[in-house]
There are 2 protein chains.
Amino acid sequence: MEQGHASLYRRIADDLKAEINAGTYAAGDALPSESELAQRYGASRGTIRQAFAALRTDGIISSRRGARRTVHGGPRLQDFTALLSFSHWARAIGEVPSGRVIDLERRAATEQERGHLDLPDGAYVYLLTRVRLLDGQPVMVERTAYPDRIGALVAGMRPERESITDRLGELGTTFADAEHTIDAVRATAEDARLLGVRPGTALLRERRRSTDPAGVPLEWSEDRYLGDQVAFTVRNSVDHNTLSRWHSPPTAD
Amino acid sequence: MEQGHASLYRRIADDLKAEINAGTYAAGDALPSESELAQRYGASRGTIRQAFAALRTDGIISSRRGARRTVHGGPRLQDFTALLSFSHWARAIGEVPSGRVIDLERRAATEQERGHLDLPDGAYVYLLTRVRLLDGQPVMVERTAYPDRIGALVAGMRPERESITDRLGELGTTFADAEHTIDAVRATAEDARLLGVRPGTALLRERRRSTDPAGVPLEWSEDRYLGDQVAFTVRNSVDHNTLSRWHSPPTAD
DNA sequence: GAGTGGTCTAGACCACTTG
DNA sequence: AAGTGGTCTAGACCACTCT
């Protein structure tokens, strides 16, 4: 699921996720008790509880006092990077991602961009416009603004061939936090042309601001999805919430 | 924030939320350290960490090893009920909610409804159609299916005057979990008539399945929001996600 | 009544940030 | 170097579910 910074509770959580994904525990099934897992892993109860909390965070399980934890049905988990990176998401749902760069330019940031990226007057940004495809079909137009420092790195990449998020990670820039705003808009003439639909088609718009661990903005993006192709799902309970992006085939209800 | 089942960590968390909402700690500010709070409340460090975990769950703070926790900027927290109940949400954002019942009928459930509500063949459902308004302006059409047992209770209510969620709670039916799917659709002729817009307008569609603590479905709803009036926001990080519904005034960007 | 998860304590060591 | 959050242990009591 993840690679190994490997605290014990993370490894236990990943083991459980793997078993759930493999069908060892199906939707509605009861999971092992805390005490059983504590024994199996030679860990204390607190560590086991931490592992379960991680699964709860991903919206995979539910729990009530007195009864065993059970596996949730419905849409499967998607981790943080699947929400941030189109490439990760596509691979997670078993589709082949691709993309086409429409434009990449560097120019002075607008007031709005400076606001979202915490930039001073006169700062520059890189603007990347891409069409994203799943299995060869366009599903999304992405318009991303990067601060100068990040954009300079992005400009040296080949976005058709590699994930920008992954590449930035290799270069030491880590995405840690993101805020998404989701609403509906009609396709502009340009949107329509890029997506191959008629102007006025209902699009799902996601505006996203991503930051590093210290809260420094790394990107500000506006993505427009075909409304009949992509949806977001959220599972929430009295003390938890999870979001995942979802792809519904054209035949769905 | 909540009333008092009142475990210690919940009370601490609520105190912190209140201080944040009151402006004692503003966006970007550092929060008290674990040790300071442990002393102040006479609690152990673990309990303080539980309280902070609850704030993390609401997406209102961030934390990194070595540095103090800080308050997040951006959209303010909305608790679980604000996502479930239009009335709660409206009050949380300081607007006056109202509604108009378009239709309430009881009939045999469709196959789709039986699927979403885990009902057997031949089961009946109540179907409630409402238009929801903020400050007198229509912003949403809500079409909700209730299982017979719940619907019978709903049928005896006055939805114009009281929150169905609240009233069901008083009658002992607790909402504990919900799954939301969000996408974009065009307004049908009926949508358009009810919302006072032109057919084809882009609408934000939320489909919601809510369950009780044991996982028994309580409602299946399809809500359609005006795309330029309402948005959903999500904050997520490497190990956490939060969703909130958001209302953008017509003048917003 | 046995088992289970929810809450809480008191301690420990470590990785990291900050002055 | 001091302070802070991240991880982990070993115990305790309680509320609740299940059969």
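Below, all heavy atoms of this structure are taken into account, side chains as well, without hydrogens, waters or symmetry copies. Below, chains carry the letters A, B, ... as their sequence lines are ordered, and counting in each starts from 1.
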- Message: Using the salt bridge (Lys or Arg N to Asp or Glu O under 4.0 Å) criterion, which residues pair with R68(B)? Sequence neighbours excluded.
- Response: none
- Item | Gap between atoms CZ and P, on R68(A) and dA2(C) respectively (whole Å) | 17 Å
- Atom-to-atom span, CZ of R10(A) to P of dG6(D) - whole angstrom: 10 Å
- Task: Inspect the contact between R132(A) and D223(A) and indicate whether a charged nitrogen and a carboxylate oxygen are less than 4.0 angstrom apart.
- Result: no
- Query: With nearest nucleotides of DNA chain D determined for T47(A) and P32(B) from heavy-atom distances, which residue corresponds to the more 5′ nucleotide?
  - Reply: P32(B)
- Query: Taking CD1 from I48(B) and P from dG6(D), how many angstroms apart are they, rounded to a whole number?
  - Reply: 14 Å
- Can you check the L37(B) CG to dC8(C) P distance for me, whole Å? 15 Å
- Residue set satisfying side-chain contact (heavy atoms from CB on, under 4.5 Å) with R209(B), at least two apart, ordered chain then number -> D118(B), T211(B), P217(B), W220(B)
- Task: Examine dC8(C): is either OP1 or OP2 under 4.0 Å from a nitrogen or oxygen in the side chain of R49(A)? Give yes or no.
- Result: no
- Rounded to the nearest Å, what distance is computed from the OH atom of residue Y41(A) to the P atom of nucleotide dT7(D)? 17 Å
- Can you check each nucleotide of nucleotides 10-19 of chain D against protein heavy atoms at under 4.0 Å and return B for base, S for sugar-phosphate only, - for none, in 5' to 3' order? --B--BBSS-
- List for me each residue that meets salt bridge (Lys or Arg N to Asp or Glu O under 4.0 Å) alongside E222(B), sequence neighbours excluded, and say none if there are none. R205(B), R224(B)
- Stems where DNA chain C pairs, listed by first number, each of three or more Watson-Crick or G-U pairs under 3.5 Å: C:1-18 with D:1-18
- Message: My understanding is that only residues two or more places apart in sequence, or in another chain, count here; which of them pass side-chain contact (heavy atoms from CB on, under 4.5 Å) with L104(B)?
- Response: Y126(B), L128(B), A155(B)
- Query: Checking R107(A) against Y124(A): charged group under 6.0 Å from the ring centre and within 45 degrees of the axis?
  - Reply: no
- Please name all residues satisfying side-chain hydrogen bond (donor to acceptor under 3.5 Å, both in side chains) with S87(A), sequence neighbours left out, ordered by chain then number. none
- Task: Quick one: list whatever passes salt bridge (Lys or Arg N to Asp or Glu O under 4.0 Å) with R106(A), sequence neighbours left out.
- Result: D148(A)
- Please determine if a side-chain N or O atom of S7(A) lies less than 4.0 Å away from the OP1 or OP2 oxygen of dG6(D). no
- Just how far, in rounded Å, is P of dG5(C) from CD of Q50(A)? 16 Å
- Task: List for me each residue that meets side-chain hydrogen bond (donor to acceptor under 3.5 Å, both in side chains) alongside S35(B), sequence neighbours excluded, and say none if there are none.
- Result: S33(B)
- Task: Using whole Å, report how far CZ of R69(A) lies from C1' of dG6(C).
- Result: 9 Å
- Is the shortest side-chain N/O distance from S35(B) to OP1 or OP2 of dT4(D) below 4.0 Å? yes
